[in-house]
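Notes follow the structure.
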Amino acid sequence: MALVTSKEMFEKAYAGKYAVGAFNVNNMEIVQAITEACKEEKAPVILQVSKGARAYANHTYLVKLVEAAVIECPEIPIVLHLDHGDSFETCKSCIDGGFTSVMIDASSKPFEENIEITRKVVEYAHARGVVVEAELGALAGVEDEVNVSAESAHYTRPEEVEEFVSRTGCDSLAIAIGTSHGAYKFKPGTNPQLRFDILEEVSKKLPNFPIVLHGSSSVPQDYVKMVNENGGKMPGAIGVPEEQLRRAAELAVCKINIDSDLRLAMTGTIRKFYNEHPDKFDPREYLKPARANIKELVRHKLINVLGCNGKA
């Protein structure tokens with residue numbers, strides 16, 4: 001199976017009341033762990049590449065890693081998606097370079113400018129068989145190239161979504177309902193709550209239209225503890241409760257972005273490995289258990305959070 005777009009994926013997800021996992025990738029071990037878990041659980045998957053990942057690993061290397069995953073896992077549909085494209089030029093480069101889906105994030109711009117930029121990307125992408133995700137509302141937090149202060153963050157306004165989608169022609173829409181980027185989403189002792197009232201209102205305005213949640217890592221406390229017990233300093237790292245993500249997946253949310261969780265699993269495993277084996281120096285020795293832990297974490301997400309296992 002060749003790389004696919006997310007169009008059919010999202011149609012099935014909406015009808016089936018589940019979400020497809022969108023996992024950010026930047027090296028071989030992460031790509032392998034994600035796709036092997038999806039292959040075994042028969043789950044569709046979106047492999048995301050951010051602007052920061054392209055700068056780190058190089059566009060060509062990342063595309064070839066994903067193409068290798070397609071060869072190794074022909075049973076499952078795989079989308080190659082640009083996460084948080086910040087300009088038409090970045091989106092164009094990815095479209096021309098083999099991506100099947102791109103996100104144009106002009107959510108920091110005024111409404112009319114966001115529409116103008118998004119529509120330009122949509123016109124270019126659709127002419128080449130590529131789908132486009134756009135964003136309304138702004139999530140707080142820091143992740144790769146995204147850095148939005150709490151003061152600049154704001155919820156999506158449901159009264160704007162119908163006009164935005166109609167005028168841009170985008171294929172899916174990322175909205176802000178209380179998630180945030182990075183591993184420090186909520187303050188310790190608080191009761192994190194997503195704005196399901198906004199999601200439900202958006203769904204009424206856009207029936208059968210796929211909604212996307214960014215900043216949706218749950219920040220597993222086992223891995224936070226592992227990091228901290230092995231020399232790390234991550235006090236107060238708290239994510240989105242998994243039960244709330246599952247509820248969102250049963251509504252209009254067809255794509256849930258997961259990033260920090262995988263990084264935590266890799267970092268925690270490597271820190272623990274070197275505390276236990278300070279004499280080791282072969283990267284394969286610590287990357288192998290890191291890959292295995294990421295794989296099991298992805299499997300958990302597919303089954304218990306996204307509900308997309310068995311849906312390939």
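Model, not experiment: these values are computed from the prediction.
Side-chain contact between Phe99 and Val130: absent, with no pair of heavy atoms (C-beta onward) separated by less than 4.5 Å. Residues Lys12 and Lys311 are not in side-chain contact: their nearest non-hydrogen atoms beyond the backbone lie 4.5 Å or more apart. Counting heavy atoms from C-beta outward, Leu80 and Ser101 have side chains that stay 4.5 Å or more apart. Counting heavy atoms from C-beta on, the side chains of Asn27 and Ile30 come closer than 4.5 Å. Using a 4.5 Å heavy-atom threshold, the side chains of Val4 and Ile78 count as separate. Counting heavy atoms from C-beta outward, Gln193 and Gln244 have side chains that approach closer than 4.5 Å. Residues Lys280 and Phe273 form a side-chain contact, since some pair of their non-hydrogen atoms from C-beta on lies under 4.5 Å apart. By the 4.5 Å heavy-atom criterion applied to side chains, Cys170 and Phe209 are counted as neighbours.
In this structure a side-chain-to-backbone donor-acceptor pair under 3.5 Å is missing from Glu162 to Val202. Under a 3.5 Å cut-off, the side chain of Asn257 and the backbone N or O of Ser217 do not form any donor-acceptor pair. No donor-acceptor pair under 3.5 Å is formed between the side chain of Lys288 and the backbone N or O of Pro283. At distances below 3.5 Å, not a single donor-acceptor pair connects side-chain atoms of His59 with backbone N or O atoms of Cys94. Side-chain atoms of Glu229 do not come within 3.5 Å of backbone N or O of Val227 as any donor-acceptor pair. Judged by distance alone, the side chain of Ser87 and the main-chain N or O of Thr90 form a donor-acceptor pair under 3.5 Å. Judged by distance alone, with hydrogens and angles left aside, the side-chain atoms of Glu29 form no donor-acceptor pair with the main-chain N or O of Arg291 at under 3.5 Å.
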Audit row: Leu136, Thr156, side chain to side chain contact (heavy atoms under 4.5 Å, CB included) steps and yes/no: CA-CA 6 Å; Leu136 266 181; Thr156 299; 4.1 Å; yes
Intermediate values then yes/no, side chain to side chain contact (heavy atoms under 4.5 Å, CB included), Ile46 and Phe23: CA-CA 6 Å; Ile46 298 169; Phe23 301 94; over 6 Å; no
Full working for side chain to side chain contact (heavy atoms under 4.5 Å, CB included) between Lys64 and Glu67: CA-CA 5 Å; Lys64 294 305 178 184; Glu67 289 177 353; 3.2 Å; yes
From CA spacing to verdict: side chain to side chain contact (heavy atoms under 4.5 Å, CB included), His81, Val102: CA-CA 5 Å; His81 175 75; Val102 297; 5.5 Å; no
Residues Tyr61, Asn26; criterion side chain to side chain donor-acceptor pair (under 3.5 Å); working and verdict: CA-CA 9 Å; Tyr61 281 108; Asn26 49 53; over 6 Å; no
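With no hydrogens or angles considered, no side-chain donor-acceptor pair links Asp279 and Tyr274 at under 3.5 Å. Arg54 and Ser93 share a donor-acceptor pair across their side chains, judged by distance under 3.5 Å alone. One side chain, Asp83 or Asn24, offers a donor N or O that lies under 3.5 Å from an acceptor on the other. Checked by atom type, the side-chain pair Asp105/His214 shows no donor-acceptor distance below 3.5 Å.
Across Gly232 and Arg271, no two heavy atoms sit closer than the pair N-NH1, 3.6 Å. Shown here for Leu199 and Ile211, the closest heavy-atom pair between the two residues is CD1-CG2, 4.2 Å. Closest approach of Leu262 to Leu297, counting heavy atoms only: CD2-CD2, 4.0 Å. Of all heavy-atom pairs between Ile177 and Ile175, the closest is CG2-CD1, 3.6 Å. Summarising the geometry of Ile76 relative to Lys42, their closest heavy-atom pair is CG2-CA, 4.4 Å, with the distance given to 0.1 Å. Taking every heavy atom of both residues into account, Tyr14 and Leu206 meet most closely at OH-O, 4.4 Å.
The CG atom of Leu173 lies 11.0 Å from the CG atom of Asp171; values are rounded to the nearest 0.5 Å. Considering OG of Ser107 and CD1 of Ile117, their distance stands at 10.0 Å, rounded to 0.5 Å. The CG atom of Leu47 lies 6.5 Å from the OG1 atom of Thr35; values are rounded to the nearest 0.5 Å. A distance of 7.5 Å separates CG in Leu245 from CD1 in Ile258, rounded to the nearest 0.5 Å. Within the model, atoms OG1 of Thr118 and CD of Glu123 stand 11.0 Å from one another, a figure rounded to the nearest 0.5 Å. Note that CD of Glu75 and SG of Cys73 are 6.5 Å apart. Values are rounded to the nearest 0.5 Å.
Stacking of Arg128 on the aromatic ring of Tyr124 is recorded, both the 6.0 Å distance cut-off and the 45° axial limit being met. Geometrically, Lys255 does not engage Phe10 in a cation-pi contact, judged by NZ or CZ lying under 6.0 Å from the ring centre and within 45° of the ring axis.
One finds a salt bridge joining Glu40 and Lys295 here, because a Lys/Arg side-chain nitrogen approaches an Asp/Glu carboxylate oxygen to under 4.0 Å. Using a cut-off of 4.0 Å between Lys/Arg side-chain N and Asp/Glu carboxylate O, Arg247 and Glu243 are scored as not salt-bridged. With respect to Asp86 and Lys51, a salt bridge is recorded, a charged nitrogen being found less than 4.0 Å from a carboxylate O. Salt bridge status for Glu242 with Lys301: present, with a side-chain N to carboxylate O gap under 4.0 Å. Salt bridge annotation for Glu250-Lys17: absent, with no cationic side-chain nitrogen under 4.0 angstrom from a carboxylate oxygen. Ion pairing between a basic and an acidic side chain is recognised when a charged N comes within 4.0 Å of a carboxylate O; Arg299 and Glu41 show such pairing.
For the salt bridge (charged side-chain N to carboxylate O under 4.0 Å, His left out) test, no residue two or more places apart in sequence or in another chain qualifies with Glu201. Scored by the side chain to side chain contact (heavy atoms under 4.5 Å, CB included) test, Ala290 finds Met266, Thr269, Ile270 as partners (sequence neighbours excluded).
In this structure, Tyr56 places its OH atom where only 12 or fewer heavy-atom neighbours from other residues, nucleotides or ligands lie under 6.0 Å away.
A single hydrophobic cluster is not seen to contain both Leu194 and Val212; linkage of ILVMFWY side chains at heavy-atom distances under 4.5 Å, directly or through other members, places them apart.
For residues 108-119, every residue pair satisfying the salt bridge (Lys or Arg N to Asp or Glu O under 4.0 Å) rule, not counting sequence neighbours, is listed here: Glu112-Arg167.
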